[in-house]
Chemist: 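Please find one structure pasted underneath; my questions will follow.
Proteins get letters first, then strands, A, B, ... in listed order; numbering begins at 1 in each.
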4 protein chains.
Amino acid sequence: MRSDRREQLVVAAYRRVAEAGFEGLRLRQVAEDVGIDHSTLHHHFATKQDLVDAVAEYTTRQFWTTAPQGPDPAVALREHLQALCRLIEDRPDLFAVTVELDLRARRDPAVAAAMARHEAGWREVLTTVLAEGVAHGSWSVPVDAAAGAELVIAAVKGARLVPEVAGQVFGQLEALLIDGAQDHAKGERP
Amino acid sequence: MRSDRREQLVVAAYRRVAEAGFEGLRLRQVAEDVGIDHSTLHHHFATKQDLVDAVAEYTTRQFWTTAPQGPDPAVALREHLQALCRLIEDRPDLFAVTVELDLRARRDPAVAAAMARHEAGWREVLTTVLAEGVAHGSWSVPVDAAAGAELVIAAVKGARLVPEVAGQVFGQLEALLIDGAQDHAKGERP
Amino acid sequence: MRSDRREQLVVAAYRRVAEAGFEGLRLRQVAEDVGIDHSTLHHHFATKQDLVDAVAEYTTRQFWTTAPQGPDPAVALREHLQALCRLIEDRPDLFAVTVELDLRARRDPAVAAAMARHEAGWREVLTTVLAEGVAHGSWSVPVDAAAGAELVIAAVKGARLVPEVAGQVFGQLEALLIDGAQDHAKGERP
Amino acid sequence: MRSDRREQLVVAAYRRVAEAGFEGLRLRQVAEDVGIDHSTLHHHFATKQDLVDAVAEYTTRQFWTTAPQGPDPAVALREHLQALCRLIEDRPDLFAVTVELDLRARRDPAVAAAMARHEAGWREVLTTVLAEGVAHGSWSVPVDAAAGAELVIAAVKGARLVPEVAGQVFGQLEALLIDGAQDHAKGERP
DNA sequence: CATGAATGAGGGTTCATTCAT
DNA sequence: GATGAATGAACCCTCATTCAT
């Protein structure tokens, strides 16, 4: 399986990025992690950029499971947010690499494209759910589907930098969007 | 003006980081931007780390103007968010560097300390305003001061990655937190 | 011959040390002497220290031929001293490098270990021969085997600094140790 | 006293050489040790070489106390050797620097001249004493004044590399030269 | 005398990449 | 496909020295 080696290399690179960032990504180490000579790596990935692109693709592919679904928009959104929150807490590496990818995307068109593709799907899903909620009157406050989607995306991107506060962030977001009307008394005393 | 050169170097480094990130920060270029030999740079900053630290300090210092104030928490928060939004749109470089600093902070204790110091002040201000709003019943929905502060911080950190959507993100955030009760029809603030 | 390059590099480094000392050892020059790029040198020796260690090993290895032997301790010692004397005169480079190594050993544990290993063998051989001579009554004067070995070692280390006087030094040493009884008139061995 | 500063600088440099060798001699550190700016050092010593020369001169000057004297050559030589031995043990720094100077003298004509001057005086004194001993029949074994002087010098130069064995070396040297005839039974059993 | 800014040559080391085997 | 030798550009940093103040 020659494509097996490629996969191994991508995973090894992914792990190195999770630990040391793209700034700390060294082809020699990746090759060593897999157990091959660093020259051999170039048989699978002609250039470092190719490997980075593969890492971007590999990373975004792992998010294809968290699409919100279900008849009730409020429930669907809540479950989506909670799934994201769990993912942030369970797989910090995944979000660590995503942060790195977002940063690299600024100067790397190929990565930018991969991230844009990934984000477009997510954005569409979010917009749809929010729009459905607007139609059903599911939200406790005025919501613009597009702006709401951007807010959720921004909150996720910000929260992943500090996984420890992800729970608070998502909890507050849910409270604002969904729980607002039903339960406005829960506000704490500082 | 003996510390003039230091300042020049910090600003030059700041600009390079804004353009190419810390990964692309080259002392030779910084020195050249200022018009001195690259070895002279070491006369002002013994090590690259020292320059990076100075950039972190210089960058965070520029935020010391956006503290929300005023008797009405809702007004104060709104103005704070709008000021941030304007800052993101007017000075994308500032937030570009902040993103880089947040990333670098992961492996650079000195930068981490500088960012933590900076963020602690901001978090405290936000928490105070939100708590006052809770006490005055300013918010249209249930708000936990601490969690709300984290949400705002996360949203800002996410929004700064894509300055173009900052308006939407902040508009929706305001709508959720402040305008909710008064105006449940259309909550977008362009 | 894959280790051929390593050997070439060590020899080139050895020559540079003989000429300019470790203080004047430049990796770029060594690489150039061999005809390769200076970065290629790091393919064979990861660090300068590794090359220096190899030089120490290479240098001390060249002494493995001068062990005194023979049934008569006096003859054996005389031949050993004369062999050393010839070596000093014929191969001043070898002793020049040894001087450098002794100096470097003061602050370089790896070189210190290599030199200690080398010297231990030499010291043992000398002590043995001198002790045998004591047992056989070969010496014309009172000799302590251990102290005598140290004296010979010290004299060699001192003489190698000025190869021109090595003949005088070794001649006088032989005269004192061996010829004393037989010939008390004129003890010079040119 | 402006020549006071010069002296301070020379002493500081001497100490640095004793610790780190000429290879580790840094003008900045020397200046810092004295408490002046490193640029100011150049007002006292135009170039590093000038400072090195001064260190050579300062170092050799400290040996002007150990000239052997007295009517009896055997006593005079013994006292001279014992004084040297004590000096090696009491002031290892002095001999550490001398080793460095001898090494540097190989490529530094100025230092070479200073050392030659110093050594010439010492050699003359030794030769005289040994020649007197020959005339008086003081030595237990055949001695050539010139060669004997070279042997003593070589032994001292070798012994100073390892101050711990200086006692053994000088003891054996005395035994060979002076005590030989009187006491040949003292030979130990190994 | 003293300082600080500036210089420039050079130091060892890193790393993605290429090529012959 | 795999290897090891080789490359070259670039990196941060050091240090003696000079010069204006």
Chemist: When the distance from CD of D:Glu23 to P of E:dG12 is rounded to whole Å, what number comes out?
Modeler: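 Rounded to whole Å, this separation is 11 Å.
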
Chemist: Taking CG from D:Leu27 and P from F:dC15, how many angstroms apart are they, rounded to a whole number?
Modeler: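 It is 10 Å, rounded to the nearest whole Å.
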
Chemist: Are the side chain of D:Thr40 and the backbone N or O of D:Ile36 linked by a donor-acceptor pair below 3.5 Å?
Modeler: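 Not confirmed, D:Thr40 side chain does not pair with D:Ile36 backbone.
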
Chemist: In whole Å, what is the span from the CD atom of B:Gln8 to the P atom of E:dA6?
Modeler: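 Value for this atom pair: 9 Å.
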
Chemist: So, does the side chain of A:His38 form a donor-acceptor pair with the base of E:dC15 at under 3.5 Å?
Modeler: no

Chemist: How many Å lie between CG on C:Asp4 and P on E:dT21, as a whole number?
Modeler: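 Rounded to whole Å, this separation is 16 Å.
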
Chemist: Can you tell me if the side-chain N/O atoms of A:His43 get under 4.0 Å from OP1 or OP2 in F:dG1?
Modeler: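 For F:dG1, neither OP1 nor OP2 has a side-chain N or O of A:His43 closer than 4.0 Å.
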
Chemist: What do the steps show when you test B:Asp108 against B:Gln49 for side-chain hydrogen bond (donor to acceptor under 3.5 Å, both in side chains), and what is the final call?
Modeler: CA-CA 9 Å; B:Asp108 185 332; B:Gln49 182 65 43; 2.8 Å; yes

Chemist: Got a donor-acceptor pair under 3.5 Å from the side chain of C:Arg28 to the base of E:dG12?
Modeler: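 A donor-acceptor contact between them is present.
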
Chemist: Between D:Thr98, D:Val99, D:Asp102, which is the residue that forms a side chain to side chain contact (heavy atoms under 4.5 Å, CB included) with D:Lys157?
Modeler: D:Asp102

Chemist: When you measure only distances, ignoring hydrogens and angles, does the side chain of D:Ser39 come within 3.5 Å of the base of E:dA5 through a donor and an acceptor?
Modeler: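 Yes, a donor-acceptor pair under 3.5 Å.
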
Chemist: Given that both distances must come in under 3.5 Å, which nucleotide forms a Watson-Crick or G-U wobble pair with F:dT21?
Modeler: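 Its partner is E:dA2 (Watson-Crick or G-U wobble, both distances under 3.5 Å).
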
Chemist: Among F:dA5, E:dT14, E:dT17, which nucleotide sits nearest the side chain of C:Arg5?
Modeler: F:dA5

Chemist: If I take atom CD in residue D:Glu32 and atom P in nucleotide E:dA2, what distance separates them, rounded to the nearest angstrom?
Modeler: 16 Å

Chemist: Report which part of the nucleic acid A:Leu25 touches: base, sugar-phosphate, or nothing (heavy-atom distance under 4.0 Å, all strands).
Modeler: sugar-phosphate

Chemist: Please give, in whole Å, the distance from F:dT18 C1' to D:Phe45 CZ?
Modeler: 19 Å

Chemist: Of the nucleotides F:dT7, F:dG4, F:dA16, which has the atom closest to the A:Asp37 side chain?
Modeler: F:dG4

Chemist: Considering only F:dT18, F:dA5, E:dT14, which nucleotide approaches the side chain of C:His42 most closely?
Modeler: E:dT14

Chemist: Does the side chain of D:Thr40 get closer than 4.0 angstrom to OP1 or OP2 of E:dT3 through an N or O atom?
Modeler: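 Answer is yes, contact under 4.0 Å.
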
Chemist: Give a yes/no on whether any side-chain N or O of A:Thr47 is located under 4.0 angstrom from OP1 or OP2 of E:dT17.
Modeler: yes

Chemist: To the side chain of B:Arg26, which of E:dT7, F:dG4, F:dC11 is closest?
Modeler: F:dC11

Chemist: In a check of side chain to side chain contact (heavy atoms under 4.5 Å, CB included) between B:His44 and each of B:Leu9, B:Leu51, B:Asp50, which one passes?
Modeler: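 Between B:His44 and the candidates, side chain to side chain contact (heavy atoms under 4.5 Å, CB included) is satisfied uniquely by B:Leu9.
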
Chemist: So, are B:Glu19 and B:Arg15 salt-bridged, with charged N and O less than 4.0 Å apart?
Modeler: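 B:Arg15 and B:Glu19: not salt-bridged.
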
Chemist: Mind calculating the distance between CD (C:Gln49) and C1' (E:dG11) to the nearest angstrom?
Modeler: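 So the two atoms are 16 Å apart, to the nearest Å.
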
Chemist: Rounded to the nearest Å, what distance is computed from the CG atom of residue B:Leu41 to the P atom of nucleotide E:dT7?
Modeler: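 Whole-Å distance recorded here is 11 Å.
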
